[in-house]
Amino acid sequence: MAQRCDFTNGNLIDDKYQVEKVIGEGTFGKVYAVKDHTGSLYALKLLRLWEIHPDLRKGLINRFDMEYETGLIKSEYLVHSFSHGLVKGNPYIVMEYCGGGDLLKASKGGLIDYTVVATCILKGLKALHSNGKVHRDLKPENVLRKNDGTFALTDFGISGDRNKRMTERNIFGKPKQLFGTYAYMPPEQLRPTHRDATVLPTTDIFSFGVTMYQLITGELPFGPLSDESELPQYLHNAREGKWNIKLLSKKDAKEWSPLIEGCLHPEIEKRVQTADQALTLVPKYKDTVEGSKQEIKGYNTKIVNGVLLRIMQGEQYGREYRLDDIINEQRPILHLGRKDYGIENNIAIKEENSSYISRYHCTLELDYDSGDWIIRDGQWRPGFSSAWRRSTNGTYVNSTEVSDKGMPFRPGDIISIGEVKLRAEGY
(Lines give C-alpha, C1' and ligand atoms only; values in the text may rest on other atoms or scores of the structure.)
Protein backbone atom coordinates (compact mmCIF):
# COMPACT_ATOMS: atom_id res chain seq x y z
CA MET A 1 0.00 0.00 0.00
CA ALA A 2 1.52 3.30 -1.10
CA GLN A 3 1.53 5.94 1.63
CA ARG A 4 1.82 9.68 1.27
CA CYS A 5 5.37 10.96 1.69
CA ASP A 6 6.16 14.63 1.12
CA PHE A 7 9.86 15.31 1.61
CA THR A 8 11.44 18.68 2.36
CA ASN A 9 15.00 19.91 2.70
CA GLY A 10 16.95 17.89 5.26
CA ASN A 11 14.61 14.86 5.22
CA LEU A 12 15.99 11.37 4.66
CA ILE A 13 14.50 9.24 1.89
CA ASP A 14 14.61 5.51 2.63
CA ASP A 15 17.15 6.30 5.38
CA LYS A 16 19.81 6.67 2.68
CA TYR A 17 19.46 9.96 0.83
CA GLN A 18 19.24 13.42 2.37
CA VAL A 19 17.12 15.93 0.46
CA GLU A 20 18.96 19.09 -0.59
CA LYS A 21 16.18 20.67 -2.66
CA VAL A 22 13.34 19.99 -5.10
CA ILE A 23 14.58 20.29 -8.70
CA GLY A 24 11.54 19.19 -10.69
CA GLU A 25 7.92 18.10 -10.58
CA GLY A 26 5.89 16.26 -13.19
CA THR A 27 2.48 14.72 -13.62
CA PHE A 28 3.34 11.57 -11.70
CA GLY A 29 6.66 12.24 -10.03
CA LYS A 30 8.90 14.60 -8.12
CA VAL A 31 12.65 14.98 -8.50
CA TYR A 32 14.96 15.89 -5.61
CA ALA A 33 18.64 16.74 -5.38
CA VAL A 34 19.94 14.38 -2.69
CA LYS A 35 23.23 13.39 -1.06
CA ASP A 36 24.25 9.97 0.19
CA HIS A 37 26.41 9.23 3.26
CA THR A 38 29.59 10.04 1.30
CA GLY A 39 28.32 13.49 0.33
CA SER A 40 27.93 12.57 -3.35
CA LEU A 41 25.15 14.45 -5.12
CA TYR A 42 22.42 12.64 -7.10
CA ALA A 43 18.98 13.26 -8.55
CA LEU A 44 16.24 11.12 -7.01
CA LYS A 45 12.97 10.70 -8.89
CA LEU A 46 10.01 9.60 -6.78
CA LEU A 47 6.85 8.12 -8.31
CA ARG A 48 4.01 9.44 -6.16
CA LEU A 49 1.99 6.30 -6.33
CA TRP A 50 -0.42 7.39 -3.59
CA GLU A 51 -1.80 10.10 -5.90
CA ILE A 52 -2.39 7.76 -8.85
CA HIS A 53 -5.65 5.97 -9.57
CA PRO A 54 -5.30 2.20 -8.98
CA ASP A 55 -6.25 1.47 -12.60
CA LEU A 56 -3.14 3.35 -13.78
CA ARG A 57 -0.60 2.12 -11.25
CA LYS A 58 0.58 -1.10 -12.88
CA GLY A 59 1.29 0.50 -16.23
CA LEU A 60 3.12 3.43 -14.66
CA ILE A 61 5.22 1.17 -12.42
CA ASN A 62 6.19 -0.88 -15.48
CA ARG A 63 7.27 2.28 -17.31
CA PHE A 64 9.12 3.53 -14.22
CA ASP A 65 11.04 0.24 -14.15
CA MET A 66 11.70 0.64 -17.87
CA GLU A 67 13.06 4.12 -17.24
CA TYR A 68 15.49 2.73 -14.66
CA GLU A 69 16.63 0.01 -17.06
CA THR A 70 17.04 2.54 -19.86
CA GLY A 71 19.31 4.58 -17.64
CA LEU A 72 21.62 1.57 -17.36
CA ILE A 73 22.50 1.80 -21.06
CA LYS A 74 26.16 2.74 -21.31
CA SER A 75 26.21 6.12 -22.98
CA GLU A 76 27.50 9.47 -21.75
CA TYR A 77 24.59 11.07 -23.63
CA LEU A 78 21.92 9.44 -21.45
CA VAL A 79 21.35 10.36 -17.80
CA HIS A 80 22.65 7.32 -15.91
CA SER A 81 20.66 5.29 -13.35
CA PHE A 82 22.54 4.22 -10.20
CA SER A 83 19.97 2.44 -8.03
CA HIS A 84 16.27 2.12 -7.29
CA GLY A 85 14.05 1.20 -4.36
CA LEU A 86 10.80 1.79 -2.47
CA VAL A 87 9.90 4.30 0.21
CA LYS A 88 6.52 3.79 1.93
CA GLY A 89 5.40 1.77 -1.08
CA ASN A 90 6.42 4.41 -3.64
CA PRO A 91 9.14 3.55 -6.21
CA TYR A 92 12.16 5.81 -6.69
CA ILE A 93 15.18 5.97 -9.00
CA VAL A 94 18.56 7.43 -8.07
CA MET A 95 20.15 9.05 -11.11
CA GLU A 96 23.10 11.11 -12.26
CA TYR A 97 22.83 14.76 -11.20
CA CYS A 98 23.19 17.28 -14.05
CA GLY A 99 23.90 20.69 -12.59
CA GLY A 100 23.58 22.72 -15.78
CA GLY A 101 19.80 22.56 -15.97
CA ASP A 102 17.76 21.76 -19.06
CA LEU A 103 18.34 22.87 -22.64
CA LEU A 104 15.98 25.86 -22.41
CA LYS A 105 17.81 27.18 -19.35
CA ALA A 106 21.18 26.59 -20.98
CA SER A 107 20.13 28.44 -24.15
CA LYS A 108 18.96 31.46 -22.16
CA GLY A 109 22.22 31.59 -20.22
CA GLY A 110 24.28 32.80 -23.19
CA LEU A 111 25.81 31.55 -26.40
CA ILE A 112 25.33 27.85 -27.07
CA ASP A 113 27.01 25.62 -29.65
CA TYR A 114 24.17 24.18 -31.73
CA THR A 115 26.45 21.56 -33.27
CA VAL A 116 27.45 20.21 -29.87
CA VAL A 117 23.81 20.13 -28.73
CA ALA A 118 22.62 18.36 -31.88
CA THR A 119 25.47 15.87 -31.72
CA CYS A 120 24.85 15.01 -28.07
CA ILE A 121 21.10 14.55 -28.60
CA LEU A 122 21.60 12.35 -31.66
CA LYS A 123 24.27 10.27 -29.92
CA GLY A 124 21.81 9.77 -27.07
CA LEU A 125 19.04 8.78 -29.49
CA LYS A 126 21.40 6.39 -31.25
CA ALA A 127 22.15 4.68 -27.93
CA LEU A 128 18.42 4.38 -27.19
CA HIS A 129 17.44 3.14 -30.64
CA SER A 130 20.22 0.56 -30.84
CA ASN A 131 18.89 -0.88 -27.59
CA GLY A 132 15.32 -1.07 -28.83
CA LYS A 133 14.12 2.04 -27.01
CA VAL A 134 12.24 5.08 -28.31
CA HIS A 135 12.20 8.16 -26.07
CA ARG A 136 8.69 9.25 -27.14
CA ASP A 137 8.87 12.54 -25.23
CA LEU A 138 11.94 14.34 -26.54
CA LYS A 139 11.79 18.10 -25.96
CA PRO A 140 14.17 20.77 -24.58
CA GLU A 141 13.09 20.16 -20.99
CA ASN A 142 14.25 16.54 -21.28
CA VAL A 143 17.78 17.42 -22.41
CA LEU A 144 20.07 18.23 -19.47
CA ARG A 145 23.46 19.91 -19.41
CA LYS A 146 26.21 18.13 -17.50
CA ASN A 147 28.97 19.84 -15.56
CA ASP A 148 31.45 19.10 -18.38
CA GLY A 149 29.29 20.99 -20.91
CA THR A 150 27.90 17.96 -22.73
CA PHE A 151 24.16 17.24 -22.93
CA ALA A 152 22.27 14.07 -21.99
CA LEU A 153 18.72 12.82 -22.48
CA THR A 154 16.48 12.13 -19.50
CA ASP A 155 12.85 11.38 -18.61
CA PHE A 156 12.39 8.31 -20.76
CA GLY A 157 8.64 8.51 -21.06
CA ILE A 158 6.88 8.99 -17.74
CA SER A 159 7.27 12.26 -15.80
CA GLY A 160 6.23 14.97 -18.23
CA ASP A 161 5.41 18.52 -17.31
CA ARG A 162 2.23 18.80 -15.28
CA ASN A 163 0.81 21.57 -17.46
CA LYS A 164 1.74 20.13 -20.86
CA ARG A 165 1.12 16.41 -20.46
CA MET A 166 -2.16 15.62 -22.22
CA THR A 167 -4.62 12.92 -21.29
CA GLU A 168 -7.67 11.46 -22.92
CA ARG A 169 -10.34 8.97 -21.95
CA ASN A 170 -10.93 5.70 -23.72
CA ILE A 171 -14.35 4.25 -24.57
CA PHE A 172 -14.74 2.98 -20.99
CA GLY A 173 -14.23 6.45 -19.54
CA LYS A 174 -10.88 5.60 -17.94
CA PRO A 175 -7.97 8.03 -18.21
CA LYS A 176 -5.46 7.02 -20.84
CA GLN A 177 -1.91 8.32 -21.23
CA LEU A 178 -0.89 10.19 -24.35
CA PHE A 179 2.90 10.25 -24.37
CA GLY A 180 4.72 13.29 -25.61
CA THR A 181 3.81 16.93 -25.82
CA TYR A 182 1.76 17.95 -28.84
CA ALA A 183 4.25 20.55 -30.08
CA TYR A 184 6.95 17.89 -30.53
CA MET A 185 4.90 14.90 -31.64
CA PRO A 186 4.94 13.68 -35.26
CA PRO A 187 1.63 13.64 -37.19
CA GLU A 188 1.35 9.83 -37.17
CA GLN A 189 1.31 9.74 -33.35
CA LEU A 190 -1.59 12.18 -33.25
CA ARG A 191 -3.95 10.13 -35.37
CA PRO A 192 -6.42 8.27 -33.11
CA THR A 193 -6.09 5.10 -35.20
CA HIS A 194 -2.26 5.18 -35.11
CA ARG A 195 -1.04 6.55 -31.80
CA ASP A 196 -1.38 3.22 -29.96
CA ALA A 197 0.37 1.35 -32.75
CA THR A 198 4.06 0.81 -33.37
CA VAL A 199 6.34 3.62 -32.18
CA LEU A 200 9.51 3.96 -34.28
CA PRO A 201 12.84 5.82 -34.04
CA THR A 202 11.43 8.30 -36.58
CA THR A 203 9.16 9.55 -33.77
CA ASP A 204 12.24 10.84 -31.94
CA ILE A 205 13.79 12.16 -35.15
CA PHE A 206 10.75 14.42 -35.69
CA SER A 207 10.89 15.65 -32.08
CA PHE A 208 14.60 16.34 -32.51
CA GLY A 209 13.83 18.51 -35.54
CA VAL A 210 11.28 20.54 -33.58
CA THR A 211 13.70 20.89 -30.66
CA MET A 212 16.58 22.16 -32.80
CA TYR A 213 14.35 24.59 -34.69
CA GLN A 214 13.06 26.00 -31.41
CA LEU A 215 16.58 26.24 -29.97
CA ILE A 216 17.92 28.12 -33.01
CA THR A 217 14.96 30.43 -33.71
CA GLY A 218 13.24 30.74 -30.34
CA GLU A 219 9.95 29.72 -31.95
CA LEU A 220 8.09 26.50 -32.77
CA PRO A 221 8.21 25.44 -36.44
CA PHE A 222 4.52 25.10 -37.20
CA GLY A 223 3.29 28.38 -35.75
CA PRO A 224 2.42 29.83 -32.35
CA LEU A 225 1.10 27.50 -29.66
CA SER A 226 0.44 29.63 -26.61
CA ASP A 227 -3.03 28.30 -25.86
CA GLU A 228 -5.47 25.55 -26.84
CA SER A 229 -7.18 27.63 -29.53
CA GLU A 230 -3.99 27.59 -31.64
CA LEU A 231 -3.57 23.81 -31.43
CA PRO A 232 -5.75 22.79 -34.45
CA GLN A 233 -3.84 25.08 -36.85
CA TYR A 234 -0.49 23.98 -35.44
CA LEU A 235 -1.35 20.29 -35.94
CA HIS A 236 -2.70 21.00 -39.43
CA ASN A 237 0.57 22.68 -40.40
CA ALA A 238 2.53 19.73 -39.01
CA ARG A 239 0.45 17.27 -41.07
CA GLU A 240 0.97 19.36 -44.20
CA GLY A 241 4.68 19.93 -43.56
CA LYS A 242 4.18 23.71 -43.46
CA TRP A 243 6.94 25.22 -41.34
CA ASN A 244 8.72 28.55 -41.41
CA ILE A 245 12.01 27.73 -43.14
CA LYS A 246 12.72 31.42 -43.84
CA LEU A 247 13.23 32.12 -40.14
CA LEU A 248 16.42 30.05 -40.19
CA SER A 249 17.90 32.46 -42.75
CA LYS A 250 16.91 35.43 -40.61
CA LYS A 251 18.77 33.82 -37.70
CA ASP A 252 21.86 33.25 -39.88
CA ALA A 253 21.28 29.51 -39.58
CA LYS A 254 20.42 28.58 -43.18
CA GLU A 255 22.94 25.71 -43.06
CA TRP A 256 20.60 23.90 -40.65
CA SER A 257 17.78 23.79 -43.21
CA PRO A 258 18.59 20.35 -44.78
CA LEU A 259 18.73 18.64 -41.38
CA ILE A 260 15.58 20.20 -39.96
CA GLU A 261 13.64 19.79 -43.20
CA GLY A 262 14.55 16.09 -43.29
CA CYS A 263 13.50 15.59 -39.68
CA LEU A 264 10.18 17.44 -39.95
CA HIS A 265 8.82 15.61 -42.99
CA PRO A 266 5.22 14.51 -42.19
CA GLU A 267 5.60 11.20 -44.05
CA ILE A 268 7.55 8.60 -42.08
CA GLU A 269 9.20 6.96 -45.06
CA LYS A 270 10.48 10.32 -46.39
CA ARG A 271 11.76 11.52 -43.02
CA VAL A 272 15.36 11.14 -41.89
CA GLN A 273 15.35 7.53 -40.72
CA THR A 274 18.16 7.18 -38.20
CA ALA A 275 20.28 9.18 -35.78
CA ASP A 276 23.34 8.27 -37.85
CA GLN A 277 21.73 9.71 -40.98
CA ALA A 278 20.83 12.87 -39.07
CA LEU A 279 24.41 13.21 -37.81
CA THR A 280 25.69 13.40 -41.38
CA LEU A 281 23.50 16.49 -41.88
CA VAL A 282 24.62 18.35 -38.74
CA PRO A 283 26.67 21.41 -39.78
CA LYS A 284 30.35 21.13 -38.77
CA TYR A 285 29.69 17.71 -37.24
CA LYS A 286 33.05 16.26 -38.35
CA ASP A 287 34.84 19.03 -36.46
CA THR A 288 33.33 18.06 -33.11
CA VAL A 289 35.03 15.89 -30.53
CA GLU A 290 31.85 13.88 -30.07
CA GLY A 291 31.89 12.90 -33.74
CA SER A 292 35.22 11.11 -33.43
CA LYS A 293 34.52 9.02 -30.35
CA GLN A 294 34.51 5.28 -30.91
CA GLU A 295 31.21 3.50 -30.43
CA ILE A 296 31.22 0.43 -28.19
CA LYS A 297 28.53 -2.15 -28.91
CA GLY A 298 27.16 -4.13 -25.98
CA TYR A 299 26.13 -7.20 -27.98
CA ASN A 300 27.60 -9.78 -30.33
CA THR A 301 27.62 -8.65 -33.96
CA LYS A 302 29.53 -11.70 -35.24
CA ILE A 303 27.53 -14.75 -36.34
CA VAL A 304 29.23 -18.01 -35.31
CA ASN A 305 26.39 -20.46 -34.70
CA GLY A 306 23.44 -18.38 -35.78
CA VAL A 307 21.19 -15.38 -35.14
CA LEU A 308 19.06 -14.72 -32.07
CA LEU A 309 16.31 -12.23 -31.26
CA ARG A 310 16.46 -10.59 -27.84
CA ILE A 311 13.45 -8.74 -26.40
CA MET A 312 14.63 -5.23 -25.61
CA GLN A 313 11.25 -3.78 -24.69
CA GLY A 314 8.20 -5.64 -23.47
CA GLU A 315 6.98 -7.82 -20.62
CA GLN A 316 9.52 -10.53 -21.43
CA TYR A 317 12.45 -8.10 -21.40
CA GLY A 318 15.78 -9.86 -21.86
CA ARG A 319 14.41 -13.14 -23.19
CA GLU A 320 16.22 -14.50 -26.24
CA TYR A 321 15.17 -16.77 -29.08
CA ARG A 322 17.98 -18.56 -30.94
CA LEU A 323 16.49 -18.83 -34.38
CA ASP A 324 18.95 -21.33 -35.84
CA ASP A 325 18.32 -23.69 -32.90
CA ILE A 326 14.55 -23.53 -33.33
CA ILE A 327 14.18 -24.20 -37.05
CA ASN A 328 13.60 -27.60 -38.59
CA GLU A 329 15.95 -28.45 -41.46
CA GLN A 330 13.04 -29.63 -43.61
CA ARG A 331 11.10 -26.40 -43.01
CA PRO A 332 13.31 -23.36 -42.23
CA ILE A 333 10.31 -21.15 -41.42
CA LEU A 334 9.31 -19.74 -38.03
CA HIS A 335 6.07 -18.02 -37.05
CA LEU A 336 6.06 -15.11 -34.59
CA GLY A 337 2.95 -13.67 -32.98
CA ARG A 338 1.01 -12.94 -29.82
CA LYS A 339 0.69 -15.82 -27.40
CA ASP A 340 -2.88 -17.01 -27.63
CA TYR A 341 -4.75 -20.22 -26.93
CA GLY A 342 -4.99 -22.47 -29.96
CA ILE A 343 -2.47 -20.49 -32.02
CA GLU A 344 0.80 -22.26 -32.79
CA ASN A 345 3.69 -19.79 -33.03
CA ASN A 346 7.32 -20.88 -32.75
CA ILE A 347 7.95 -17.56 -31.02
CA ALA A 348 4.92 -16.63 -28.92
CA ILE A 349 5.21 -13.15 -27.42
CA LYS A 350 3.34 -12.70 -24.16
CA GLU A 351 1.85 -9.24 -23.72
CA GLU A 352 -1.14 -9.00 -21.39
CA ASN A 353 -3.99 -6.69 -22.38
CA SER A 354 -2.34 -5.85 -25.69
CA SER A 355 -3.85 -6.21 -29.12
CA TYR A 356 -0.94 -4.40 -30.79
CA ILE A 357 0.73 -7.73 -31.59
CA SER A 358 -1.30 -9.86 -33.97
CA ARG A 359 -1.73 -13.57 -33.42
CA TYR A 360 -0.32 -14.10 -36.93
CA HIS A 361 2.12 -11.19 -36.85
CA CYS A 362 5.12 -12.14 -38.96
CA THR A 363 7.14 -14.94 -40.54
CA LEU A 364 10.89 -15.60 -40.29
CA GLU A 365 12.62 -17.61 -42.98
CA LEU A 366 16.24 -18.73 -43.34
CA ASP A 367 17.63 -18.41 -46.86
CA TYR A 368 20.15 -21.26 -47.02
CA ASP A 369 21.73 -19.92 -50.21
CA SER A 370 22.65 -16.50 -48.79
CA GLY A 371 22.63 -17.41 -45.11
CA ASP A 372 20.35 -14.43 -44.41
CA TRP A 373 17.29 -14.43 -42.21
CA ILE A 374 14.26 -12.88 -43.92
CA ILE A 375 11.26 -11.38 -42.11
CA ARG A 376 7.82 -11.00 -43.73
CA ASP A 377 4.80 -9.23 -42.34
CA GLY A 378 1.95 -11.66 -41.70
CA GLN A 379 1.65 -15.43 -41.97
CA TRP A 380 0.21 -18.03 -44.29
CA ARG A 381 -2.50 -19.92 -42.46
CA PRO A 382 -4.11 -22.91 -44.22
CA GLY A 383 -7.69 -23.89 -43.53
CA PHE A 384 -11.19 -23.25 -44.76
CA SER A 385 -10.16 -19.85 -46.14
CA SER A 386 -6.45 -20.30 -46.76
CA ALA A 387 -4.75 -16.95 -47.20
CA TRP A 388 -1.79 -14.81 -46.23
CA ARG A 389 -2.85 -12.81 -43.19
CA ARG A 390 -1.13 -9.46 -42.63
CA SER A 391 -0.57 -8.08 -39.12
CA THR A 392 -2.78 -5.34 -37.71
CA ASN A 393 -0.10 -2.78 -36.84
CA GLY A 394 2.73 -3.71 -39.19
CA THR A 395 6.21 -5.15 -38.82
CA TYR A 396 9.27 -2.91 -38.96
CA VAL A 397 13.02 -3.38 -39.27
CA ASN A 398 14.53 -0.26 -37.69
CA SER A 399 12.19 2.41 -39.16
CA THR A 400 11.32 0.60 -42.39
CA GLU A 401 7.97 -1.17 -42.75
CA VAL A 402 8.21 -4.77 -43.94
CA SER A 403 5.86 -6.13 -46.59
CA ASP A 404 4.77 -9.72 -47.16
CA LYS A 405 7.58 -9.90 -49.76
CA GLY A 406 10.13 -9.85 -46.96
CA MET A 407 13.28 -8.05 -45.88
CA PRO A 408 16.61 -9.40 -44.60
CA PHE A 409 17.75 -8.50 -41.10
CA ARG A 410 21.16 -8.76 -39.49
CA PRO A 411 22.81 -8.33 -36.05
CA GLY A 412 22.14 -4.85 -34.73
CA ASP A 413 18.79 -4.43 -36.47
CA ILE A 414 15.74 -3.70 -34.31
CA ILE A 415 12.47 -5.45 -35.14
CA SER A 416 9.34 -3.65 -33.92
CA ILE A 417 6.00 -5.41 -33.49
CA GLY A 418 3.51 -3.26 -31.63
CA GLU A 419 5.17 -1.98 -28.46
CA VAL A 420 7.60 -4.90 -28.33
CA LYS A 421 11.07 -4.48 -29.77
CA LEU A 422 13.55 -7.26 -30.50
CA ARG A 423 17.23 -6.85 -31.39
CA ALA A 424 18.94 -9.26 -33.77
CA GLU A 425 22.29 -10.48 -32.43
CA GLY A 426 24.84 -13.09 -33.39
CA TYR A 427 25.71 -16.06 -31.20
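Owing to the predicted nature of the structure, the values given are computational and were not obtained by experimental measurement.
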Does this structure show an ion pair linking Lys58 with Glu315, if we count only N-O contacts that are shorter than 4.0 Å? no
Taking Tyr356 for its side chain and Asn393 for its backbone only, find out whether a donor-acceptor pair lies under 3.5 Å. no
Just wondering, do Trp256 and Lys251 contact through their side chains at under 4.5 Å, heavy atoms? no
Measuring only between side-chain heavy atoms, which start at C-beta, is Thr280 closer than 4.5 Å to Tyr285? no
Determine whether Leu336 and Tyr321 satisfy the following criterion, side-chain contact (heavy atoms from CB on, under 4.5 Å), listing intermediate values before the conclusion. CA-CA 11 Å; Leu336 187 156; Tyr321 297 91; over 6 Å; no
Qualifying residue, where the test is side chain to side chain donor-acceptor pair (under 3.5 Å) with His129 and the options are Asp276, Asp204, Thr274: Asp204
Would you say the side chain of Thr363 lies within less than 4.5 Å of the side chain of Trp388, judging by non-hydrogen atoms? yes
Within a radius of less than 6.0 Å around CD of Glu269, do more than 12 heavy atoms belonging to other residues, nucleotides or ligands occur? yes
Tyr360 backbone acceptor or donor facing Arg389 side chain under 3.5 Å: no
Side-chain donor/acceptor of Asp155 to backbone N/O of Asn142, under 3.5 Å: no
Test side-chain contact (heavy atoms from CB on, under 4.5 Å) applied to Val87 and Phe7, step by step: CA-CA 11 Å; Val87 55; Phe7 297 106; 3.9 Å; yes
Within the 4.5 Å heavy-atom criterion, are Asp325 and Asn305 side-chain neighbours or not? no
Atom of Val134, atom of Gln313 and distance for their closest heavy-atom approach: N-OE1, 4.4 Å
Is any side-chain N of the basic residue among Glu425 and Arg423 closer than 4.0 Å to the acidic one's carboxylate O? yes
Which distance, rounded to the nearest 0.5 Å, do you find between the NE2 of His37 and the NZ of Lys16? 11.0 Å
Using modelled atom types only, decide if a donor and an acceptor are shared between the side chain of Asp367 and the backbone of Asp372 within a distance under 3.5 Å. no
Closest non-hydrogen contact found for Leu44 with Val94 is CD1-CG2, 4.0 Å
Donor-acceptor check, side chain of Gln316 to backbone of Lys350, threshold 3.5 angstrom: yes or no? yes
Rounded to the nearest 0.5 Å, what separation is found between the CD atom of Glu401 and the CG atom of Leu200? 8.5 Å
Shortest non-hydrogen contact between Ser416 and Asn398, atoms and distance: OG-O, 4.5 Å
Test side chain to side chain donor-acceptor pair (under 3.5 Å) applied to Asp36 and Thr38, step by step: CA-CA 5 Å; Asp36 64 6; Thr38 68; 2.7 Å; yes
Donor-acceptor contact present, side-chain Gln214 to main-chain Val210, <3.5 Å: no
Ser391 side chain vs Gly394 backbone, donor-acceptor pair below 3.5 Å: yes
Tell me if a side-chain donor or acceptor on Asn345 pairs with a main-chain N or O of Ile347 at a distance below 3.5 Å. no
OH (Tyr42) and CZ (Phe82) are apart, to the nearest 0.5 Å, by 6.0 Å
Going by heavy atoms in the side chains, are Phe156 and Ser81 under 4.5 Å from each other? no
Pick from Phe64, Tyr68, Tyr92: which one makes a side-chain contact (heavy atoms from CB on, under 4.5 Å) with Lys45? Phe64
Scanning both residues in full, the closest heavy-atom pair of Phe206 with Met185 reads CE2-O, 3.4 Å
Derivation and outcome, side-chain contact (heavy atoms from CB on, under 4.5 Å), residues Tyr184 and Thr211: CA-CA 7 Å; Tyr184 304 90; Thr211 297; 3.9 Å; yes
Between atom OG1 of Thr392 and atom CG of Asp377, what is the distance when rounded to the nearest 0.5 Å? 9.5 Å
Quick one: are Lys123 and Cys120 in side-chain contact, heavy atoms under 4.5 Å? no
Please say which of Leu153, Asn131, Leu72, Leu125 ends up in a side-chain contact (heavy atoms from CB on, under 4.5 Å) with Leu78. Leu153
To the nearest 0.5 Å, atom CG of Leu364 lies from atom CD1 of Ile415 at 6.5 Å
Side-chain contact, heavy-atom cut-off 4.5 Å: Asp324 with Val307? yes
Do the side chain of Tyr213 and the main chain of Phe222 share a donor and acceptor less than 3.5 angstrom apart? no
Asn346 side chain to His335 main-chain N or O, any donor-acceptor pair under 3.5 Å? yes
Minimum heavy-atom distance Gln273-Pro201, with the two atoms named: O-CB, 4.4 Å
Would you please test His265 and Val272 for side-chain contact (heavy atoms from CB on, under 4.5 Å) and show each step? CA-CA 8 Å; His265 203 290; Val272 170; over 6 Å; no
Any heavy-atom pair between the side chains of Met66 and Lys133 that's under 4.5 Å? yes
Chi angles and distances behind the side chain to side chain donor-acceptor pair (under 3.5 Å) call for Thr202, Tyr396: CA-CA 12 Å; Thr202 43; Tyr396 297 82; over 6 Å; no
Under 4.0 Å between a Lys/Arg side-chain N and an Asp/Glu carboxylate O for Glu25 and Arg48? yes
Test side chain to side chain donor-acceptor pair (under 3.5 Å) on Lys139 and Thr181; report intermediate values, then the result. CA-CA 8 Å; Lys139 55 187 177 182; Thr181 306; 2.8 Å; yes
Spacing of CD belonging to Gln379 relative to CG belonging to Asp404, to within rounding of 0.5 Å: 12.5 Å
What are the two closest non-hydrogen atoms of Ile357 and Ile349, and how far apart are they? CD1-CG2, 3.7 Å
If we check side-chain contact (heavy atoms from CB on, under 4.5 Å) with Leu422, which of these qualifies: Ile417, Leu308, Asp413, Ile414? Ile417
Do NZ/NE/NH1/NH2 and the carboxylate oxygens of Glu96 and Lys146 come within less than 4.0 Å? yes
